[in-house]
Engineer: 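Please see the structure below; I have some questions.
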Amino acid sequence: MERGHIHVPAQCGRIAAILSRIGDKWTVLVVESLGAGPLRFNELRRRIGGISQRMLTLTLRAAERDGFVTRTVYPTIPPRVDYELTPLGRSLREPLHRLGDWALEHVETIEEARRRFDAEAEKQAAARPQRAIGA
């Protein structure tokens with residue numbers, strides 16, 4: 001949404017579902033991994049690392065459903081399946097890179113804020129009176 005747009009509650013649900021998909025860490029890693037070109041399932045899984053076969057299958061299926069990825073099956077024995085970004089998927093790479101750049105730029109500030117928050121929460125927890133067991 002561009003700045004200055006009027007908030008339209010009916011659109012929030014539609015946009016939230018899309019933001020949820022593209023904000024998912026596995027979707028981000030799939031989009032980035034496929035940025036250099038088509039890959040087979042196991043090549044993609046090796047590049048991402050740490051993703052289970054089931055999670056990669058679910059992520060690819062969802063990305064295909066949303067129009068970010070195409071799946072091409074070649075009639076060989078065994079069948080060869082390639083995954084590739086669509087133009088829509090390629091267009092997602094730029095905003096994801098900008099978001100990653102923002103995170104890198106602010107990581108120290110965010111980590112410091114977390115430390116302050118956690119220290120304050122710990123101080124408040126220590127100051128609370130302890131309840132006796134069974135009271």
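We use all heavy atoms of the structure for the numbers below, so side chains are in, but hydrogens, waters and symmetry mates are not.
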Engineer: Run the side chain to side chain contact (heavy atoms under 4.5 Å, CB included) check on I22 and F68 step by step: do they pass?
Structural biologist: CA-CA 10 Å; I22 63 176; F68 303 146; 3.7 Å; yes
Engineer: Any chance you could measure R14, atom CZ, to L19, atom CG, to the nearest 0.5 Å?
Structural biologist: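 Going from the CZ atom of R14 to the CG atom of L19 covers 12.5 Å.
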Engineer: Would a single hydrophobic cluster contain both W26 and L88, if residues Ile, Leu, Val, Met, Phe, Trp and Tyr are joined by side-chain heavy-atom contacts under 4.5 Å?
Structural biologist: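 Per the 4.5 Å side-chain linkage, L88 and W26 are co-clustered.
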Engineer: If only atom types and distance count, is the side chain of Q124 paired as donor or acceptor with the main-chain N or O of A121 below 3.5 Å?
Structural biologist: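 Here the side-chain-to-backbone pair does not exist.
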Engineer: Testing the basics here: between D82 and P38, what is the closest heavy-atom pair and its distance to 0.1 Å?
Structural biologist: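 The answer is CB-CB, 4.4 Å.
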Engineer: Does atom CZ of R47 have more than 12 heavy-atom neighbours, drawn from other residues, nucleotides or ligands, at distances under 6.0 Å?
Structural biologist: no
Engineer: For E122, does the CD atom sit with more than 12 other heavy atoms under 6.0 Å from it, leaving out its own atoms?
Structural biologist: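 Atom CD in E122 is not packed in, count stays at 12 or less.
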Engineer: Using modelled atom types only, decide if a donor and an acceptor are shared between the side chain of R40 and the backbone of V81 within a distance under 3.5 Å.
Structural biologist: no
Engineer: Only one of K25, R90, R93 clears salt bridge (charged side-chain N to carboxylate O under 4.0 Å, His left out) with E32; which?
Structural biologist: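 Testing E32 for a salt bridge (charged side-chain N to carboxylate O under 4.0 Å, His left out) against K25, R90, R93 leaves exactly one candidate, R93.
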Engineer: Do I15 and L92 sit in one hydrophobic cluster, given that two such residues count as connected whenever their side-chain heavy atoms are within less than 4.5 Å of each other, even indirectly?
Structural biologist: yes
Engineer: Quick test of your reading of the model: are E120 and K123 salt-bridged, counting only N-O distances below 4.0 Å?
Structural biologist: yes
Engineer: So, the side chain of S20 versus the backbone of A17: is there a donor-acceptor pair under 3.5 Å, distance only?
Structural biologist: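 The answer is no, because no donor-acceptor pair under 3.5 Å joins these two groups.
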Engineer: If I compare all heavy atoms of G89 with all of V31, which pair ends up nearest, and what's the gap?
Structural biologist: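 Between these two residues, the closest heavy atoms are O-CG1, 3.9 Å.
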Engineer: Test: side-chain hydrogen bond (donor to acceptor under 3.5 Å, both in side chains). Region: residues 48-74. Which pairs qualify, not counting sequence neighbours?
Structural biologist: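 The answer is R21-D66, R71-Y83.
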Engineer: Do you know which of L34, T86, T27 makes side-chain contact (heavy atoms from CB on, under 4.5 Å) with V69?
Structural biologist: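 Running side-chain contact (heavy atoms from CB on, under 4.5 Å) over L34, T86, T27 with V69 returns exactly one hit, L34.
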Engineer: Would R98 and E94 pass as an ion pair if we require N to O under 4.0 Å?
Structural biologist: yes
Engineer: Side chains of F41 and L60: closer than 4.5 Å at any heavy-atom pair?
Structural biologist: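 A side-chain contact exists here, since the closest heavy-atom pair is under 4.5 Å.
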Engineer: Going through the checks in order, is the side chain to side chain contact (heavy atoms under 4.5 Å, CB included) test met by L99 and H97?
Structural biologist: CA-CA 5 Å; L99 187 57; H97 287 168; over 6 Å; no
Engineer: So I48 and V30, do their side chains get closer than 4.5 Å, heavy atoms only?
Structural biologist: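 The answer is yes; the side chains approach within 4.5 Å.
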Engineer: Please give me the minimum heavy-atom distance between V73 and P79, naming the atom from each residue.
Structural biologist: CG1-CB, 4.4 Å
Engineer: Over all heavy atoms of both residues, which pair between L44 and S33 is shortest? Give the atoms and the distance, please.
Structural biologist: CD1-CB, 3.5 Å
Engineer: Should E112 and R116 count as an ion pair when the cut-off is N to O under 4.0 Å?
Structural biologist: yes
